[in-house]
Structures are given as C-alpha cells and as structure tokens.
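The figures here come from the full heavy-atom set of this structure, side chains too, leaving out hydrogens, waters and symmetry mates. Proteins come first, then strands; the chains are lettered A, B, ... in the order of their sequence lines, and each starts at number 1. As the structure is a computational prediction, the values presented were derived from the model and not from experiment.
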Protein chains: 2
Amino acid sequence: MFEATLSVPASHAQGSLLAQAYADRPRSDSRPASCAGCTRRQACLAGGLNGPDVEKFAAIVHLTRVIRQGETLFRAGDAFRSIYAVRTGSFKTVIAHRDGMEHVSGFLFPGDVMGFDGVHANRHEVSAIALEDCTVCVLPFSLLEKQCQESRSLQHQIYTLMSTEIVRESALMMLLGVMSARERVAAFLVNISTRMQQRGYSASLFNLRMTRDEIGSYLGITLETVSRTLSHFQKKGLVRAAGKQIEIVDIEGLRAV
Amino acid sequence: MFEATLSVPASHAQGSLLAQAYADRPRSDSRPASCAGCTRRQACLAGGLNGPDVEKFAAIVHLTRVIRQGETLFRAGDAFRSIYAVRTGSFKTVIAHRDGMEHVSGFLFPGDVMGFDGVHANRHEVSAIALEDCTVCVLPFSLLEKQCQESRSLQHQIYTLMSTEIVRESALMMLLGVMSARERVAAFLVNISTRMQQRGYSASLFNLRMTRDEIGSYLGITLETVSRTLSHFQKKGLVRAAGKQIEIVDIEGLRAV
DNA sequence: CGAGCCTTTGATTACGGTCAAACTTGGTGG
DNA sequence: CCACCAAGTTTGACCGTAATCAAAGGCTCG
C-alpha cells in the first residue's frame with residue numbers, strides 16, 4: 001500500500017490529506033502552475049524544458065508532500081516508485097551497512113532531486129531524512145519514463161541529472177580518498193556557500209541544519225575533528241562559527257586550504 | 001576533429017584504421033552479430049532487451065576500438081560524445097584535482113560501461129586508462145538517446161545502468177568514509193572475486209592487473225598499507241598473494257573482516 | 001640480460017580517533 | 001514564561017592506525 005512507503009502514520013493528518021491528493025488526479029487548471037511558477041525550476045527537473053514540455057512535465061507531479069523534521073521520506077529497502085525534488089527545507093541521505101555502520105552520503109537543498117539510487121534494483125539503497133520541516137514534489141518514475149518517450153528534452157534532462165549525481169559522488173570520493181581533515185571541512189564550507197548563493201541566499205552567512213556528527217559522517221571524520229577544525233579556521237580568521245550559525249569571512253582562504 | 005578525443009596519435013596505425021572504420025557505416029549483415037553473439041551481453045547495455053531491440057541497439061555500436069596498455073580511452077576535459085562498453089581487458093578511471101591529487105575511482109572489466117560522467121557538462125570529468133591491451137564498443141550517446149525514443153526498454157536500461165553507477169559509488173563512499181584499512185582491502189578482494197565469477201572466471205584465483213599503488217588510491221590508503229594488509233591476510237590464512245597473482249583461500253573469512 | 005618499476009618490510013611519525021568532561025542550545029511541559 | 005533536561009558542541013588528554021621515509025629484493029619487459 002502506498003502509505004507504507006511514506007513513513008507517515010496513517011492516522012497522521014498529513015497522511016490522510018496526501019492519500020486523498022494522490023487519489024485525485026490533478027486538475028489541469030491548477031497543476032501546471034506548480035512547475036511554471038516554481039522558484040527552483042531552473043535547478044530542478046523542469047530546467048531546460050520549453051513551454052509545452054513544462055506543462056506536460058508538470059502533469060507528472062502528482063503531489064507534494066510535507067515531511068517533518070527527523071522523518072524519513074524513503075528508507076533503504078523500500079520499493080522504488082518515485083523520485084523526489086526538494087521544494088523547501090533540506091534532507092540528508094544515509095547509507096547503512098549491515099554492521100550498523102552508517103554514512104551520510106549527501107545533503108539536499110531546494111531544487112535538488114533524489115531517489116535515482118532506486119532504479120538499480122527497484123528498491124531504494126539509501127534513506128532520506130528531513131533535517132527540518134520540508135516539502136517535496138513526488139515524481140512517479142514510471143510516469144516520468146513514459147513522458148520521456150514523448151519528450152526527448154525531458155529524457156535528456158533525466159540523463160543529465162543522473163550524470164550530475166554520478167559526478168557529485170565522484171568528487172566526494174576524491175575528497176574522502178585523498179584529502180586531509182582540514183581540506184575536507186574547507187571544501188564542505190565552500191560547497192555549501194556556493195549552493196546557498198545559487199539559491200539566492202547569502203554566500204557568506206548561513207545556518208547549517210545538520211549536526212557536527214552528520215557533517216563528520218559526510219566528510220569521513222569525527223564530530224570532534226569537525227568542531228576542532230572549525231575552531232582552527234576561526235582562529236585563522238577564515239570563518240566565524242557560533243554553533244550552527246556559520247559566517248564565511250575569507251572564502252578564498254578556504255579555497256586555498 | 002574526432003581523432004583529437006581518441007588520445008591516439010594520428011600517425012599510429014590503429015588510429016588510421018579506426019578513423020576508417022568510423023567513416024564507414026557498419027554493414028547490416030555483420031554488425032548485429034556484435035551484440036547478439038557477445039559473451040558479455042547480459043551484463044552490458046543490451047541486457048534485458050528482446051530480439052528486435054537487440055538488433056536495433058547493435059546498429060548503434062559504430063565501431064570497436066583497441067586501446068593498448070597504459071593508453072587513455074578518454075581524458076577529463078575531453079568533449080563527451082560516446083559511452084564505452086569494455087569488450088576485453090580492463091580499465092581504471094581516474095579523477096584529478098587541480099593540485100595534482102589523483103584518485104582512482106573505479107576498475108572496469110568486460111561488460112562494464114563507462115563514460116556516463118560526460119553527460120553532466122558535455123565533457124568527461126574522469127579519465128579512463130587501459131590496464132592491459134583492451135577492446136571497447138563505442139556507443140555514440142546522441143544515437144543512443146535517439147534510439148531510446150523508440151525503445152522504452154532501452155531507455156530503461158540506460159537509466160538502470162546509470163543508477164547502478166550511482167549505487168556503486170555510494171558503496172565506495174561508505175567504504176572510504178567509515179572502513180578501516182583491513183576492511184577496505186577485504187571488501188576489495190571480495191568485490192573482485194565476485195566480478196570475476198560473474199564473468200565466468202575463477203572466484204578464488206586471479207591476476208590483478210592493477211598495481212598496489214592503484215589499489216591504494218582506489219581504497220584511499222597507501223600502497224604500503226595495501227601490501228602490509230595482504231601480508232597480514234596471508235599470515236591469517238585468508239589469501240595467498242604472490243605479486244599480482246591472488247588466491248582467495250577463505251572468502252567467508254574476508255567477508256567477516 | 002639489465003634497468004626500471006613494483007613490491008615488501010622495517011622504523012618512525014603524526015593525524016585524527018577515542019575517551020572524557022564541561023558547557024551551550026533548544027525543545028517541552030509545568 | 002521559565003525551568004529543566006536531553007541533545008549537541010567544544011575543548012583537553014592520550015592513543016592507535018596508517019602515513020611517511022627508507023632500503024632491499026623481485027618481476028617484467030624491452
């Protein structure tokens with residue numbers, strides 16, 4: 001049953017609303033606006049599509065879902081049905097090994113798309129957990145594939161997004177494989193700064209929604225090392241860090257690390 | 001010019017032959033056999049396609065290329081035109097950072113497909129280098145995309161292969177992020193063993209074509225640590241290693257590490 | 001058959017992990 | 001609205017794994 005994969009209790013008000021929304025086919029007069037007017041459209045799946053294609057694409061967006069902080073959007077092992085575009089809020093994706101080892105494999109911000117890991121074996125291989133209250137667009141993959149048969153630009157867009165994910169992971173592998181702790185933290189800060197800027201936020205002052213533990217897991221170091229490294233950067237005048245509030249003082253200095 | 005991306009000197013005999021082969025459209029009576037009869041078909045792009053689709057797909061394989069040991073199939077920065085399926089031999093893929101840092105991001109065996117990193121920005125982000133004399137099938141990506149518009153199963157197959165690459169990289173990220181040196185080497189040996197077996201070779205006795213340095217780069221450890229760890233495993237009776245010749249004595253013991 | 005590359009092993013070092021404790025923040029309920 | 005408690009963060013002390021430096025032996029392939 002669909003509810004089962006949502007990780008939202010059936011009794012939850014949001015769950016009921018969503019089930020209802022899913023049952024109702026979107027009306028053509030309201031749905032297209034969900035993409036055409038979306039502020040994150042360029043960064044998302046609809047980016048690069050022309051007018052008619054955007055409308056066709058928007059028809060695929062069956063529903064948007066609300067995920068509360070700490071809740072799971074999908075879990076490793078869940079049947080794969082949809083990919084998800086972040087509308088608001090932020091997520092982490094987590095890979096788990098049988099021995100209980102866990103590794104944060106990514107942080108997602110508005111416009112980012114997740115779930116492509118599920119195509120491989122028709123089940124998700126990672127879990128996605130909300131770092132704050134979030135909304136996502138749900139894109140049933142079979143509908144997407146069907147639509148791709150009729151729109152070559154959409155097909156290409158999916159290939160591009162998956163390729164981007166491959167390249168992103170390659171860069172992260174290099175970080176995990178060859179960089180020192182300081183280089184990792186510096187690269188992380190530069191990466192977050194860039195992505196904040198792309199989304200129209202300040203590149204130099206932002207709130208990290210993830211904990212030191214999650215950052216450490218992502219970077220392959222311990223939370224203590226993350227904290228120490230931030231203190232070190234602060235002493236060198238590269239950043240000002242007060243808990244989750246981070247101010248980048250010298251971005252070029254960070255790039256040079 | 002096409003030659004420029006091949007990393008094969010124009011004066012080289014192989015280069016001329018290939019240019020000629022590429023100029024000539026494949027004859028319909030000979031080309032389909034190149035996939036229908038390929039021993040690695042199931043593992044490759046053509047896997048999961050039915051009869052007619054295999055023929056259509058085979059028409060995309062413009063040519064096969066020979067790459068000598070140490071030569072580059074494509075280089076980071078090269079214009080992206082094709083993806084490549086390994087027919088015979090083995091490759092490594094390498095990511096380079098500006099500072100000269102290099103990281104081996106993958107080893108490819110017959111049936112493996114590479115080059116999906118190129119879709120992202122229409123240029124390759126990694127380099128592929130032959131570990132021995134190799135042959136590859138060249139699959140021009142624009143032809144592939146065109147054919148995908150007419151075959152939903154082929155389209156799905158490409159999505160699946162790209163997803164598989166995403167999942168492979170996720171697993172490697174976990175290895176690089178949380179595992180000890182011994183765990184990494186053990187996981188590497190198990191992985192190679194499995195892939196050898198899938199290709200019809202012995203799961204317990206094989207020749208590694210890559211150096212300790214390349215293995216170390218792949219696993220995010222030094223070549224000395226690779227060597228020491230293999231010696232350690234040998235002392236514990238898990239493997240017998242004599243240079244590049246590796247014999248797995250106790251695969252379950254390795255899995256348990 | 002020899003030169004260069006690869007591999008192995010040893011000695012030492014250092015980076016980041018682990019353990020520990022104090023402090024801060026933020027969410028919850030009285 | 002404030003107090004309290006749990007979760008998160010910082011900092012310190014110490015330790016261990018794997019990196020680094022070094023050197024000798026072994027393959028491979030021109």
Evaluate the side-chain proximity of B:Tyr84 to B:Val113: yes if any heavy-atom separation is below 4.5 Å, no if none is. no
Hey, does B:Thr211 reach any base, or is it just sugar-phosphate, or nothing, if we go heavy atoms under 4.0 Å? sugar-phosphate
Under 4.0 Å between any heavy atoms, over every strand shown, what does B:Gly216 touch: base, sugar-phosphate, or nothing? Just pick one. nothing
Classify B:Leu230 by what it touches in the nucleic acid, base, sugar-phosphate, or nothing, heavy-atom distance under 4.0 Å. nothing
Counting heavy atoms not belonging to A:Arg168, are there more than 12 under 6.0 Å from its CZ? yes
Can you label the angle between the A:Phe107 ring and the A:Tyr218 ring as parallel, tilted or perpendicular, going by 30° and 60°? tilted
If you take all heavy atoms of B:Leu172 and B:Ser105, which pair is closest and at what distance? CD2-O, 3.6 Å
Tell me which nucleotide among C:dT7, C:dG10, C:dG17 gets nearest to the side chain of B:Arg212. C:dT7
Extract, from 5' to 3' on DNA chain D, the first and final nucleotides lying under 4.0 angstrom from some heavy atom of chain A. D:dG8 to D:dA13
Within this structure, what is the CG-to-C1' distance between A:Leu208 and C:dT25, rounded to whole angstrom? 15 Å
Does a side-chain N or O of A:Lys244 approach OP1 or OP2 of C:dG26 to a distance below 4.0 Å, or not? no
Most 5' of A:Glu224 and A:Arg182 on DNA chain C, judged by nearest nucleotide: A:Arg182
DNA chain D: A:Val226 or B:Leu223, which has the more 5' nearest nucleotide? A:Val226
Distance only, no hydrogens: is a donor on one side chain within 3.5 Å (strictly under) of an acceptor on the other, for B:Thr72 and B:Ser127? no
C:dG16 P sits how many Å from A:Leu219 CG, rounded? 12 Å
Answer yes or no: is there an ion pair linking A:Arg87 with A:Asp112, defined by an N-O contact shorter than 4.0 Å? no
Assign B:Ser227 to base, sugar-phosphate, or nothing according to its heavy-atom contacts below 4.0 angstrom with the strands shown. base
Is it true that A:Arg68 and A:Glu71 make a salt bridge, defined as a side-chain N closer than 4.0 Å to a carboxylate O? no
How many whole angstroms separate atom CZ of B:Arg240 from atom C1' of C:dT8? 15 Å
On DNA chain C, nearest-nucleotide positions of A:Gly243 versus A:Ser180: which is more 5'? A:Ser180
